[in-house]
Amino acid sequence: MTVLDVQTWTAVCRFDRLLPERGVAALVGGEQVAIFRTHDGAVFALANHDPFSDAYVLSRGIVGSRGTLPTVASPMHKQVFSLVSGECLDEPGVAVPVYDVRVRDGDVEVAVP
Amino acid sequence: MSAPRQLVVVGNGMVGQRLVEAVRQRDPERRWRITVLGEEPRPAYDRVALTSYLTGTTEEDLRLAPDGCYDADCELVLGDAVAGIDRAARVVTTASGRAVAYDALVLATGSRPFVPPVPGADLDGCFVYRTIDDLDAIRSRAASVTSGVVIGGGLLGLEAANALLSLGLATSVVEFAPRLMPAQVDHGGGEVLRRKVEALGLTARLDTATERISAADDGLRMTFADGSSLETGLIVFSAGIRPRDELARAAGLAVGERGGIVVDETCLTSDPAIWAIGECALAGGRVYGLVAPGYDMAEVVADRLLDGDAAFAEADTSTKLKLLGVDVASFGDAHGAAPDALEVVYADPVGGVYKKLVVTDDASRLLGGVLVGDASAYAALRTMVGQPLTDTPEKLLLAGPSTSDLGDDAQVCSCQNVSAGAIRAAIHDEGCADVAALKTCTRAGTVCGSCVPLLKTLLTQSGVEANPALCEHFDVGRAELFDIVRVTGLRTFSEIIARHGRGRGCDICKPVVASILAGLGGGHILDGEQAALQDTNDHFLANIQRNGTYSVVPRVPGGELTAEGLIAIGEVARDFGLYSKITGGQRIDLLGARVEQLPAIWKRLVDAGFESGHAYGKALRTVKSCVGSTWCRYGVQDSTSLAIMLELRYRGLRAPHKIKAGVSGCARECAEARSKDVGIIASENGWNLYFGGNGGFRPRHAELFASDLSDAELVGLVDRFLMFYVRTADRLQRTSAWIEALTDEHGDGFAYLRRVLVDDELGLCADLETAMERHAGSYTDEWAAVLDDEEKLGRFVSFVNAPDAPDPSIRFVTERGQIRPVVAGPTLEVVRR
């Protein structure tokens, strides 16, 4: 039996539209996705929903690092999340969804299941 | 339980008050009822800090009794001096005829200033320096004269001279001895002290005896023993103190030949029901004119009243103080009175430093010392008196002792008698993590403050002193980083963190670097890499609210708004469906704007002549004002015009925290200026300037910095103050906390600011003013600039792939005719029984 890769990629913007170490929000299939570009050109995608304030604002947080891990801090009450795993580094047990994201031909594409 | 016994305390000075608190603390069962009879009309206040009363500290600030100190079992009677003691009947009577019976009587009557028997010493314009009333009288006289003389160059005399200088008088000190502070320092130290205080504008006449004082045309004439004379506007006598022992004398208690109520080592007088403490007591043949021994005596008596066995031992008369900005300290056997004592002296007349250690003849033990000009080693050296030397005397003199081997029983705070062990226990067991917590917990550092540096050292050694590091990415604090950026000329975050930090930054250090770059004139805050450093508020030039919408606050300088302006704001609010509310800073807040609405809202506001109000920034917010002399029948100056001028000058200034200012047109203070970082209150002659006020979490009144300023003088001082704050304060530190931190570091933060900003001790004033001039000259409106910049405008969208779509999660309902966000809020579990 063959399992097909049925991920659907949605282009949201040109890569150049992303400021280094900043995020943007995109609306993909009714979901709010926060997309971040780090200083080395890598891209990450998390849910835009901040579980602490219940507002859709994570894309507007400050991007940085904790140790070697790239992070974003909620602009509301500054809880820090891993861009890699979506886990909250300040409050164990809290995490936000992470989404697959890639850059193809200069387009940023997100896969929302 | 037996009926409570009656304790009567005569005198409500610092020591009398301390006794009451000490008894209350040791007597939870209320075995003693207490009646305190005070001669002054006000409750006990901090006489050590009396001079600060002339520079803005209020009577309330100086008050000592904690809330709840007095109640039904502990009565305080003020303004009624005790007139007599009937020892047989055990009753005291007061001037007003009150009679109070006692089981135990404590005399804490203090001392009176000694006025030498010079003819004319009772003329108008002659004062002493002890009470708030004395200071009120001196201040009132100082308003109409230009010069003043202090007779007596001792500790208190120099303090009084400092006060006269702060009142703007040309001040001289006349001292009978050949040096200043003869009781504390030796000849070499006195000489360094004289040079330093003369450099600060004081004239010292040493070896001078005053023969008589007479009235002159413009005040008073002093004639000296050598025939010379001096005219002056007022004279303050500060020639020592004499114990107030007259009550004891009249009651037949034993008193010393030269005054003072004779007490034994338990502070008991010759009557077993009467005790005496503080400056009125003669203990071990000595009258102590310092507060620390008085506190010790109060503790001894409190202990004895509750059946303890404490005793008063010979007190430490070490002193350290900062007079006119000069550190002076003496401790132990400062004059080398012990037989065969050796002195090791370091003198640098050019640098204004004099240090002397007195050691035993084999240089094995420290006996005492004198420090002038640099007393940083005082607290540690004092604790070593009588101990074996830890190093050679010269090394101790030059480098100061190491405090790591401070024994647990070494006394750190001599005023409150707190040992190093007690401080360490407070750190480890009570969790005290800063100087403020140690002060509350142990009372160390709360009287003269000289041991505060030692408290910091002990905190650091215990590993709890706040690390200056901003965050994991930078090992330095904001002030140091500011200097690094200023000096190196680095202007991007990437370069700064690569050279002076590690990692990629965080929500703490990035806004700090953004603020520093803005403070150094870094152009638009959203230019280039700077945009990524900004907090969401600065990134969208608006304040984020709980549902992810933003608020908009146009600048309304001085709170002055035309009808057209008001209508324009109203139309914007109506057309975009925003919630509107008047702020405390005399502006209008428009709430509920979505990110993608901000440019259109601001286009309308900018077209109507408005600009950013920086309500979103750690920056100047508003300069609040009253209508002033233009409209108000009480106003004495045009406060609105000044407020507008200041708001336009400092708008856009990025700082460690928000900055608020206020201008009131008269002393009624309708603009609430003293609750602001910069407060200005009109006087008949100009403007009075206050710094360091705060509302919010920890309210604090701003303190008077300078009086009767012209507009130009005022702007110069505010320029320097704000720019110095921008450069040196810590992250998120308001001016009031910054000044407190300066106090911890420099003794008296306000005096330090005067030395830096008025006397230009650091040579910074011109640079600070130039930097502020550059700021004011290069200001542009952040919002107008964004509206002209397509690339930046493109960032103002809720969704990068649907620029016109609003965030569907944002919903409103209507309340009182305006929108209100719908927020889920925390879900409460309802338990039904």
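Here is the naming used below: chain letters follow the sequence lines, and residue numbers restart at 1 for every chain. As the structure is a prediction and not an experimental result, all values here were calculated from the model.
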Has B:Arg502 got more than 12 heavy atoms of other residues, nucleotides or ligands less than 6.0 Å from its CZ? yes

In short, B:Asn801 meets A:Ala26 closest at the heavy-atom pair OD1-CA, 3.5 Å

Turns out that what part of A:Ala73 lies under 4.5 Å from chain B's heavy atoms comes down to side chain

- Task: For residues A:Arg60 and B:Ile544, determine if any side-chain heavy atom of one lies less than 4.5 Å from a side-chain heavy atom of the other.
- Result: yes

Heavy-atom closest pair (B:Pro808 atom, A:Gln32 atom, distance to 0.1 Å) is CD-NE2, 3.7 Å

Note: B:Ser798 and A:Ala25 closest approach over all heavy atoms is O-CB, 3.3 Å

NE2 of A:His39 to CZ of B:Phe493, rounded to nearest 0.5 Å, is 10.5 Å

Q. Is the shortest distance from a Lys or Arg side-chain nitrogen in B:Asp535 or A:Lys78 to a carboxylate oxygen in the other one below 4.0 Å?
A. yes

The interface call for B:Arg795 against chain A, heavy-atom contacts under 4.5 Å, is both

Next on the checklist: Given 3.5 Å as the limit, does a donor-acceptor pair link the side chain of A:Arg22 with the main chain of B:Ala532, or not?
Outcome noted: yes

So CG of B:Asn547 and OH of A:Tyr56: to nearest 0.5 Å the spacing works out to 12.5 Å

From the list A:Pro75, A:Ser59, A:Ser74, side-chain contact (heavy atoms from CB on, under 4.5 Å) partner of B:Thr536 resolves to A:Pro75

Original post:
Do B:Leu533 and A:Glu21 touch side chain to side chain, with heavy atoms closer than 4.5 Å?
Top reply: no

Residues B:Gln545 and A:Met76: closest non-hydrogen pair is O-CE, 3.3 Å

Counting heavy atoms not belonging to B:Glu790, are there more than 12 under 6.0 Å from its CD? no

Of A:Val57, A:Val24, A:Thr68, A:Leu27, the largest count of non-hydrogen pairs under 4.5 angstrom with chain B goes to A:Leu27

| message | Heavy-atom count check: over 12 atoms from other residues, nucleotides or ligands less than 6.0 Å from A:Asp40 CG? | response | yes

Comparing B:Pro511, B:Ala531, B:Gly503 against chain A, the one with the most heavy-atom pairs below 4.5 Å turns out to be B:Ala531

When the 4.5 angstrom heavy-atom criterion is applied to A:Val72 and chain B, the contacting part is neither

Side-chain donor-acceptor contact under 3.5 Å, A:Ser65 with B:His473:
yes

* Close side-chain approach of A:Thr71 to B:Arg504, heavy-atom, < 4.5 Å -> no

